[in-house]
Amino acid sequence: MVFPVVQDRDHKFLTKAVEEAYKGVDCGHGGPFGAVIVRDDEVVVSCHNMVLKNTDPTAHAEVTAIREACKKLNQLELADCEIYASCEPCPMCFGAIHLSRIKRLVYGAQAEAAIAIGFDDFIADALRGTGFYQKSHLEIKRADGKGAHIAEQVFEKTKTKFQMY
């Protein structure tokens, strides 16, 4: 479900995310993306894309913000937090937002703004449920037989060590 941006506070935090996007580009850290994580109307972290600086294709603004917020708050879940992103999240970022249990996402620009300057055209797939990674040239195969069995056993053999949700 997409929430409308109707509150002044949303505009304030979204503006901060956009400022982060400019900051990241200005210092050469990565693409024009920013993210802010907020808890109880206070900024927990404000981050930008760090892909170039960290030589890490996963260092998107949202993922970087989630990593930093979890460290700062010393917790794995951010269920009491909101995230403000300068642009519609890509599938990876949307997945990270989902896994961190953030309760609310507010984003500014639609994916088409990023696509128009050369970013991957599947950026909006996670939120919109469209496409099938049209540009992916990755061969994907699922193991079978002994390989699959060994991989599946790790879950059975370690299940008592994890209390999930």
Side-chain angles (χ1 to χ4, degrees), residues 1-140:
M1 171 172 265
V2 178
F3 294 91
V5 178
V6 294
Q7 304 168 22
D8 286 342
R9 64 184 289 283
D10 289 336
H11 293 290
K12 177 176 87 171
F13 295 127
L14 190 55
T15 297
K16 187 154 185 60
V18 171
E19 289 168 357
E20 274 292 334
Y22 281 115
K23 179 180 170 185
V25 171
D26 289 345
C27 59
H29 289 174
F33 303 95
V36 174
I37 294 182
V38 174
R39 182 172 72 173
D40 298 326
D41 286 335
E42 296 291 325
V43 173
V44 176
V45 294
S46 181
C47 299
H48 53 262
N49 184 290
M50 300 286 286
V51 168
L52 298 177
K53 179 169 182 10
N54 295 353
T55 318
D56 177 358
T58 70
H60 291 194
E62 298 92 333
V63 172
T64 300
I66 290 166
R67 289 172 180 160
E68 293 300 317
C70 287
K71 283 181 199 172
K72 184 173 182 178
L73 298 173
N74 194 31
Q75 58 191 50
L76 287 174
E77 291 186 359
L78 301 172
D80 56 348
C81 297
E82 301 167 277
I83 189 166
Y84 292 82
S86 62
C87 185
E88 191 172 2
C90 74
M92 177 186 68
C93 292
F94 184 77
I97 291 165
H98 172 75
L99 290 172
S100 69
R101 305 294 189 244
I102 288 175
K103 67 180 178 181
R104 187 166 181 251
L105 160 66
V106 177
Y107 66 89
Q110 288 191 299
E112 284 76 12
I115 293 165
I117 65 167
F119 287 90
D120 288 334
D121 63 359
F122 63 83
I123 194 170
D125 285 352
L127 286 179
R128 297 180 187 172
T130 59
F132 187 74
Y133 303 96
Q134 299 92 335
K135 289 188 175 181
S136 180
H137 300 288
L138 174 66
E139 180 179 343
I140 301 172

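We count residues from 1, following the sequence as given.
- Under a 3.5 Å cut-off, the side chain of N49 and the backbone N or O of V51 do form a donor-acceptor pair.
- In this structure, F94 CZ and I102 CD1 are separated by 11.0 Å, a value rounded to the nearest 0.5 Å.
- Using a cutoff of 4.0 Å between basic side-chain nitrogens and carboxylate oxygens, D80 and K103 are not scored as salt-bridged.
- Nearest approach of F119 to G31, heavy atoms of both residues: CZ-CA, 4.1 Å.
- Other residues, nucleotides and ligands place no more than 12 heavy atoms under 6.0 Å from the CG atom of L76.
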(Q) side-chain hydrogen bond (donor to acceptor under 3.5 Å, both in side chains) for T58 and R67? Distances and angles first, verdict last. (A) CA-CA 11 Å; T58 70; R67 289 172 180 160; 3.1 Å; yes
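- What you find for S46 and V36 is that their closest heavy atoms are OG-CG2, 3.7 Å.
- Side-chain atoms of H60 come within 3.5 Å of backbone atoms of P57 as a donor-acceptor pair (strictly under, hydrogens ignored).
- Taking each heavy atom of E62 and C87 in turn, the nearest pair found is OE2-O, 3.8 Å.
- Ring geometry for Y84 against F13 counts as tilted: the plane angle lies between 30° and 60°, on a 0 to 90° scale.
- Of the charged side-chain nitrogens involved, at least one lies within less than 4.0 Å of a carboxylate oxygen, so that R104 and D10 count as a salt-bridged pair.
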Q: Decide side chain to side chain contact (heavy atoms under 4.5 Å, CB included) for I66 and I37; before the verdict, give the C-alpha distance in whole Å, the side-chain angles of both, and the deciding distance to 0.1 Å.
A: CA-CA 8 Å; I66 290 166; I37 294 182; 4.0 Å; yes
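- Between K72 and V44, the shortest heavy-atom distance links the atoms NZ-O, 2.8 Å.
- Taking all atoms of both residues into account, the shortest heavy-atom contact from C81 to R39 is SG-CB, 3.8 Å.
- Taking every heavy atom of both residues into account, A17 and A85 meet most closely at CB-C, 4.3 Å.
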